[in-house]
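Heavy-atom basis, side chains included; hydrogens, waters and symmetry copies ignored. As the structure is a computational prediction, the values presented were derived from the model and not from experiment.
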Amino acid sequence: MPERTQPSAGVPSARARTQWSEVCVRRAVARPWPVMVAAALIGLLCALAAVGGTTSFSSGGYIASGTEAARAESELARRFDAPVPDVVLLVRFPGRATDAGAAALGRELTREAASRPGVREVLSYWTTGQQRLLSGDHRSALVTLDLRGDENEAARTAATLVPHLTRHRPGVQVSATGTAWVMAQATALSRTELIRAELVGAPLTGLVLLFAFGSVTAALLPVLVGALAVAGTFAALRFAMLFMPVSVFAANVTTALGFGLAVDYALFVVTRYREERRVRADPAECVVVALRTVGRCVRYSAATVVLCLTTLLLFPVGFLRSLSVAGVSVVVCAALATVLVLPALLALLGDRLVAGDLFARLRRGPEEGAALWTRIARTATARPLPAVLGAVVLLSALGLPFAHVRFGATDERVLPPSVESHATARRIEAQFDMPWNRTLAVVLPRVDALEQADRLDAYAARVSALGGVREVATGTGVYRKGHQVEPAGPDSLPFVAEGASWLAVLPARGPDDDRGLVERLRALPAPDGGARVTGRPARVLDTQDAVLGTLPLAGSLIVASVLSLLFLFTGSVLVPLKAVLTGVVSLGASFGAMVFVFQDGHLRRLLGDFTVTGELETSVPVLMFAVAFALSVDYELFLMSRVEEGYRRHGDHRAAVLGAVTSTGRVITAAAAVVAVALVPLAGSGITLLKLMGCGLALAVLVDATVVRGVLVPALMVLTGAANWWAPRGLTRLRARLGLDAWHRTATPEASLPPQPSPHPGTPERADTAARGPSAPPTR
């Protein structure tokens with residue numbers, strides 16, 4: 001154990017320094033009704049503030065800002081008025097699209113689209129004559145729409161515009177795709193699934209809690225805390241929208257993650273309260289002790305999650321930044337509801353907390369619920385080295401697929417194949433020899449197509465000769481394989497602006513060559529050295545580079561935060577290091593499983609059909625790392641607090657580990673099950689992005705709560721023995737001066753510590769004691 005240094009006379013006492021938390025709890029216990037009335041009013045105000053907020057959520061934010069591709073696209077739109085089309089209409093005729101009647105209908109549709117509010121420019125086969133807008137069988141043609149405003153405004157315009165343009169028309173079939181329409185449909189689908197999450201997720205969570213507690217009353221308390229946390233978070237997001245765009249998926253993630261985390265916190269507190277009621281006569285004092293012990297875990301856990309999620313603000317991706325704000329908000333709200341509102345609820349209910357045990361007749365005693373974890377803990381601690389090796393081999397095998405991970409960006413394929421924007425995009429790919437969503441644009445901001453036509457001509461010829469380029473169009477004509485094949489004509493005007501020009505580069509190969517083509521274009525010397533490459537492949541490439549470039553800094557900050565907080569909590573140097581290493585191994589297993597399922601396409605039917613793209617969305621693993629890593633620390637804190645209690649009481653390290661796993665295994669498993677069940681609506685989502693997040697986080701939490709906390713961590717704790725509690729003398733003195741060491745010694749008085757088990761089941765009494773374990777979670 002680390003040296004226990006008493007605070008010096010010049011340092012305020014630990015009790016004085018932490019008095020505020022216990023004072024709040026005691027006041028809430030003494031006057032619970034005012035607290036409950038205030039909580040109800042605040043919850044109602046938050047719910048009212050959040051009403052209608054979902055209509056203001058951002059539909060984009062998956063592409064990094066400030067990159068070369070982003071600057072080039074902005075310049076393309078500003079100087080040439082020629083960005084990538086926001087909406088693409090596929091117009092299909094029973095006969096040929098070139099017939100007189102079909103042409104009249106096509107021109108009428110083009111004029112109608114151009115007259116709608118929010119539309120900046122419309123191009124179609126019938127107005128431009130471009131053959132690339134005509135299908136190979138000549139029965140279909142395309143109409144492209146450029147909408148005003150940023151991506152969010154364009155998505156809102158598309159939501160009202162597209163249904164009008166694609167309505168039933170005699171003699172023609174019109175369907176739509178494009179970035180703005182994909183975002184609009186994803187937004188509508190996410191709102192539907194948010195309602196489903198509220199209708200399905202809460203009852204499922206309640207069933208899990210009912211099974212864990214048996215008591216209807218006890219099961220409802222965590223649900224109420226979760227509801228308060230979610231309501232507060234939606235109000236916070238509504239306020240955040242005044243300053244930044246918030247992703248539409250933040251609502252889904254907030255509901256799932258926030259509800260699960262809040263229920264976790266409440267579950268730990270209620271469990272500890274019921275343990276204290278078995279050894280204390282005063283219910284009010286039981287509430288105080290429960291919040292003094294588990295409440296400390298909640299505060300450290302919330303601080304860890306907040307620090308981990310705050311690092312997402314470092315990434316130049318709006319999607320991650322908005323989820324950071326949502327995650328931080330829900331964690332803070334969950335922690336506040338747990339330490340301020342839950343004590344009042346417990347004080348009001350008292351012994352009625354166990355009323356309505358539906359499974360009382362099925363239970364044979366409190367030791368039954370911990371029996372499984374007792375056997376697992378004994379096996380892991382009796383043979384720690386084989387247990388560690390077995391767990392590491394299993395987790396490493398699960399993580400192997402991550403070695404061939406590929407990252408991509410969000411597009412129409414995240415939606416179900418039956419959704420219009422996805423289905424239309426697939427039909428365009430099949431019928432048209434035009435990679436409309438993979439065309440690259442090379443902006444030459446200082447090359448005038450009229451005054452420097454020779455330089456533009458030479459550069460366009462060199463670009464068309466590059467490997468992977470099929471065709472280049474610019475202000476001087478059309479080029480293929482290093483030669484001009486068509487002279488400049490009316491179609492060349494959009495490529496020309498005063499003092500500048502740009503080139504449209506059509507790729508000749510598949511998406512696998514997109515990165516290489518972008519790199520070759522950027523490496524090619526350009527006139528005046530000012531070429532900037534944009535287009536979807538370039539934006540995806542720049543986003544990946546931006547995320548991967550920020551990842552080392554963000555990861556280092558996460559690890560440093562976890563190491564610091566765990567040291568402050570435990571007073572150990574080794575325990576935080578092991579927590580980081582086991583967390584990384586656990587996350588590697590989850591990442592490998594996600595690659596196996598979502599990138600490689602295995603088990604697709606089991607999880608619900610989705611489009612296998614051969615890549616993972618770049619931002620999701622980053623989000624999963626921050627969230628899942630923080631959640632793993634939540635369980636680590638709860639387990640380590642029990643190990644430290646037992647070791648401090650009797651000094652037997654193996655007995656302390658065995659007792660901690662026995663007493664916390666069932667409640668940690670229940671907590672992980674609650675989080676996993678709360679993520680079920682995400683895992684069952686029709687949006688692949690949400691499905692990936694839901695499945696990945698649920699698997700990470702379950703693996704961490706079972707294999708890691710039940711086998712790997714206990715075995716490592718036994719292997720390292722008393723060295724777990726060692727710390728350099730200087731750090732020990734620093735922690736003592738901060739009052740944390742003294743606080744921890746006074747926060748869990750010996751009277752509240754039930755008997756600890758013996759690690760040696762040599763006699764029936766010892767075996768029975770080990771089966772019960774210290775502070776065993778109550779079983780009804």
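- Here Phe243 and Phe239 bring their ring centres to under 6.0 angstrom of each other.
- Under 4.0 Å is where a charged nitrogen must lie from a carboxylate oxygen, and between Arg522 and Asp542 at least one such pair does.
- With Thr311 contributing its side chain and Cys308 its backbone, the two residues share a donor-acceptor pair below 3.5 Å.
- Here OG1 of Thr179 is found 6.5 Å from CG of Asp86. Values are rounded to the nearest 0.5 Å.
- Counting only distance, with no hydrogens or angles, the side chain of Arg321 and the backbone of Phe315 share a donor-acceptor pair below 3.5 Å.
- Annotation: the span from Leu689 atom CG to Leu616 atom CG amounts to 10.5 Å, rounded to 0.5 Å.
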Next item on the list: Could you give me the CA-CA distance, side-chain angles and deciding distance for Thr424 and Trp181, then say whether side chain to side chain contact (heavy atoms under 4.5 Å, CB included) is met?
Entry: CA-CA 11 Å; Thr424 302; Trp181 185 227; over 6 Å; no
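- A side-chain hydrogen bond (donor to acceptor under 3.5 Å, both in side chains) with Arg539 is found for exactly one of Gln544, Glu73, Glu68, namely Glu73.
- Here Arg520 pairs with Asp513 in a salt bridge; the nearest charged N to carboxylate O distance falls below 4.0 Å.
- Distance check: Phe596 CZ to Leu603 CG gives 5.5 Å after rounding to the nearest 0.5 Å.
- Of the possible donor and acceptor atoms, one in the side chain of His422 sits under 3.5 Å from a partner among the backbone N and O of Leu415.
- Remark: the backbone N or O of Gly66 is paired with a side-chain donor or acceptor of Arg71 at under 3.5 angstrom.
- Outside the 6.0 Å centre-distance limit, the rings of Phe591 and Phe625 are not counted as a close aromatic pair.
- In this model, no donor atom of one side chain and acceptor atom of the other lie less than 3.5 Å apart for Ser175 and Glu420.
- Not one N or O on the side chain of His164 forms a donor-acceptor pair closer than 3.5 Å with the backbone of Leu161.
- Once rounded to the nearest 0.5 Å, the distance linking OG of Ser329 with CZ of Phe234 reads 11.0 Å.
- In this structure a side-chain-to-backbone donor-acceptor pair under 3.5 Å is missing from Ser324 to Leu320.
- Side chain of Ser74 to main chain of Ala70: no donor-acceptor pair is present (N/O by atom type, distance under 3.5 Å, no hydrogens or angles).
- Between the Thr439 side chain and the Val505 main chain, no donor and acceptor come within less than 3.5 Å of each other.
- The distance from the OG1 atom of Thr304 to the CG atom of Leu565 is 4.0 Å, given to the nearest 0.5 Å.
- Under a 4.0 Å N-O distance rule, the pair Arg532/Glu75 qualifies as a salt bridge.
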Note to self: For Asp545 and Arg515: C-alpha separation, side-chain torsions, deciding distance, then whether salt bridge (Lys or Arg N to Asp or Glu O under 4.0 Å) applies.
What the structure shows: CA-CA 11 Å; Asp545 291 343; Arg515 183 183 186 94; 3.2 Å; yes
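- Rounding to the nearest 0.5 angstrom, the gap separating the CG atom in Leu323 from the CG atom in Leu313 is 10.5 Å.
- The backbone N or O of Ser421 lies less than 3.5 Å from a partner atom in the side chain of Thr177, making a donor-acceptor pair.
- Looking at Glu429 and Arg426, a side-chain N of the basic residue comes within less than 4.0 Å of a carboxylate O on the acidic one, giving a salt bridge.
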